[in-house]
Amino acid sequence: MKVLANDGLAASGIEQLESAGVEVVTQKVAQEQLANVINQEGYTALLVRSATTVRKELIDACPGLKFIGRGGVGMDNIDVDYARSKGLTVANTPAASSDSVAELVFAHLASGLRFLHDANRNMPLEGETKFKEMKKAYAKGRELRGKTMGIIGFGRIGQSVARIAIGQGMKVVAHDPFVENASIKLEFFDGQELNFDITTVSKEEVLKSSDFVTLHVPAQKDGYVIGKPEMEMMKDGAVLINAARGGVVDEHALLDALDADKLSFAGLDVFENEPKPAMRVLMNPALSLSPHIGAATVEAQARIGTEMAEAILSFRDAQ
Ligand code: NAD
C-alpha cells in the first residue's frame, strides 16, 4: 500500500505505517498536479490536513484511490459524501486535537484579560519611552477564577474547555441543541478523579450569564451563531473567543461591539476570509489573533499521526 501524505504526517504516524510495510511519501504535490501524480505513482491513500482539497473532480480522476484521510476534525475540504458514494473510505482524527484547541482558548483568554495582546504590540514601540503610561493603561487586568465560562457547542472541544475551566475554579454553562448533558471528568496528577455533570441550557441563558463566551460548533449551513443580536445579549465587558470556524461569528458585528466597548476584547483563531483575513480585523487592538493554530501542537500532531496510521492499517487489514 502506498500513501501520499500531502500536507505532512507526524513522525510517529510515519514510523508506525512504515514498520507495518506501508510506503509513505510526504513530498508536497501542487493541487493541480495531484491527479497525475496519484495515478502515475499508484497511491491508494491520500492524507490531507486543511491545505489540500479533495473534490469530486479529483476523486473521479483517480480510480485507484481507495482511502482519504484528514488529519484533524473539519472535513470541509473533502467531498466526503461523494467519496463514500464511490466506495472510498474517508477517515479523520476527531479527538486528537481537542485539548490543544481548548488550551488555545485559554491562551487567548488569559492573555487578553491582562492586555498581553496589546502590550506585546506596544512594548517594542513605546516600552522605553512610555513605560509608566502603559503600566497604568494595563492596570485593570482581570482573573479567571470565579468567572462564568459560556460554551456554545458542547462536543469534544467544548467539553475539554469545560474541564480546564472547572480546574481554574470557574463556573461552566453550556449550550448545544444535540447534547443534553455531559459528565466532565477531571483527572489529577496523583490519580484522583472528579466528575462534574453539566446540563446544557439555552443559548440565550449562556449569553446572558457568561463573563466569557467560547464557540465550539462546526461550520453552519445558514447564518451566524453569534451575530449582532447575540452580542447584544452578552454581558457588558464580556469576552468572545472563536477557535471553531470562520463564519460562525459575524466579524462586522464583532468589530462594532468592540468599538462600542460592549465587549472588552475577543480572541480569534479563525476568520471569515481565510487565509486573507480582513485588514480591519487584523488591525483592531482589541483582538487577540492567531492564524488558525488550534490543533498545531507537537502533542496533537503526534496523536493525529498515530490515529491516522491506525485508521489506514485497519482499512488495509480489512481488504
Ligand atoms: P464536535 O462534533 O465534537 O462538537 C461540535 C458540537 O457543536 C456538537 O455537539 C454539535 O451538536 C454542536 N453544534 C452544532 N451546531 C450548533 C449550534 N448552532 N449551536 C450550538 N451547538 C451546536 O466537534 P469538535 O471536535 O468539538 O470541534 C468543534 C469545532 O472546532 C469544529 O468546527 C472544528 O472544525 C473546530 N476546530 C478548530 C480547530 C482550530 O485549529 N482552531 C481545530 C480543530 C477543530
Side-chain angles (χ1 to χ4, degrees), residues 7-8 10 48-51 53 69-78 80 91-109 149-165 172-184 198-207 210 213-227 229-231 233-234 240-250 266-272 274-275 277 287-304 307-308:
D7 297 331
V48 302
R49 287 185 191 162
S50 52
T53 57
R70 157 74 161 108
V73 185
M75 298 213 275
D76 2 345
N77 54 327
I78 301 170
V80 178
N92 62 351
T93 58
S97 48
S98 304
D99 289 345
S100 17
V101 179
E103 287 194 15
L104 186 71
V105 168
F106 283 88
H108 277 291
L109 184 57
M149 179 62 121
I151 301 170
I152 297 187
F154 208 39
R156 285 173 293 254
I157 300 175
Q159 292 180 29
S160 182
V161 166
R163 202 167 295 123
I164 301 175
V172 168
V173 288
H175 166 69
D176 191 313
F178 303 102
V179 177
E180 229 170 89
N181 48 54
S183 178
I184 306 297
I198 295 180
T199 301
T200 54
V201 295
S202 69
K203 180 156 94 174
E204 192 172 343
E205 202 171 327
V206 168
L207 293 171
S210 301
V213 173
T214 183
L215 286 159
H216 301 290
V217 299
Q220 307 284 301
K221 290 210 168 57
D222 40 44
Y224 296 113
V225 178
I226 303 286
E230 288 79 14
M231 287 178 207
M233 281 181 211
M234 290 170 69
L240 182 67
I241 309 281
N242 183 13
R245 274 283 178 270
V248 299
V249 170
D250 179 349
L268 296 180
D269 185 48
V270 291
F271 301 87
E272 284 195 60
E274 282 186 33
L287 283 172
S288 172
L289 304 163
S290 53
H292 205 149
I293 53 167
T297 65
V298 175
E299 294 85 350
Q301 293 311 315
R303 287 192 295 269
I304 285 172
E307 267 187 50
M308 194 44 85

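Counting starts at 1 for both ligands and their atoms, in listed order. In this text the structure is predicted, and so the values were computed from the model without any measurement.
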Open item on the list: Test of understanding: with salt bridge (charged side-chain N to carboxylate O under 4.0 Å, His left out), list the residues that count as partners of Arg303, not counting sequence neighbours.
Closed with: none
TODO: Please identify each residue that fulfils salt bridge (charged side-chain N to carboxylate O under 4.0 Å, His left out) with Glu230, with sequence neighbours left out.
DONE: Lys203
Open item on the list: Looking at Asp269 and Ile293, would you say the former's side chain and the latter's main chain have a donor-acceptor pair under 3.5 Å?
Closed with: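 It does hold such a pair.
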Task: Heavy-atom donor-acceptor pair, Asp250 side chain to Gly227 backbone, under 3.5 Å - done: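 Between the backbone of Gly227 and the side chain of Asp250 there is no qualifying donor-acceptor contact (under 3.5 Å).
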Show the short N or O contacts, below 3.5 Å, that ligand 1 makes with protein N or O atoms; if there are none, say 'none'.
residue, atom, partner, partner atom, Å
ligand 1, 3 (O), Arg156, N, 2.9
ligand 1, 3 (O), Arg156, NE, 3.3
ligand 1, 3 (O), Arg156, NH2, 3.3
ligand 1, 9 (O), Asp176, OD2, 2.6
ligand 1, 11 (O), Asp176, OD1, 2.7
ligand 1, 11 (O), Asp176, OD2, 3.3
ligand 1, 15 (N), Gln220, NE2, 3.3
ligand 1, 18 (N), Gln220, OE1, 3.1
ligand 1, 25 (O), Arg156, NE, 3.2
ligand 1, 26 (O), Arg156, N, 3.4
ligand 1, 26 (O), Ile157, N, 2.8
ligand 1, 32 (O), Val217, O, 2.8
ligand 1, 34 (O), Arg245, NH1, 3.3
ligand 1, 34 (O), Arg245, NH2, 3.3
ligand 1, 40 (O), His292, NE2, 3.4
ligand 1, 40 (O), Gly294, N, 3.1
ligand 1, 40 (O), Ala295, N, 3.4
ligand 1, 41 (N), Ala243, O, 3.0
ligand 1, 41 (N), Asp269, OD2, 2.9

Pairs under 3.5 angstrom only: tabulate donor-acceptor contacts from the side chains of residues 218-226 to other protein residues two or more places apart or in another chain.
residue, atom, partner, partner atom, Å
Gln220, NE2, Pro218, O, 2.8
Tyr224, OH, Glu272, OE1, 3.1

TODO: Please say which of Val105, Val213, Val173 ends up in a side chain to side chain contact (heavy atoms under 4.5 Å, CB included) with Met149.
DONE: Val105
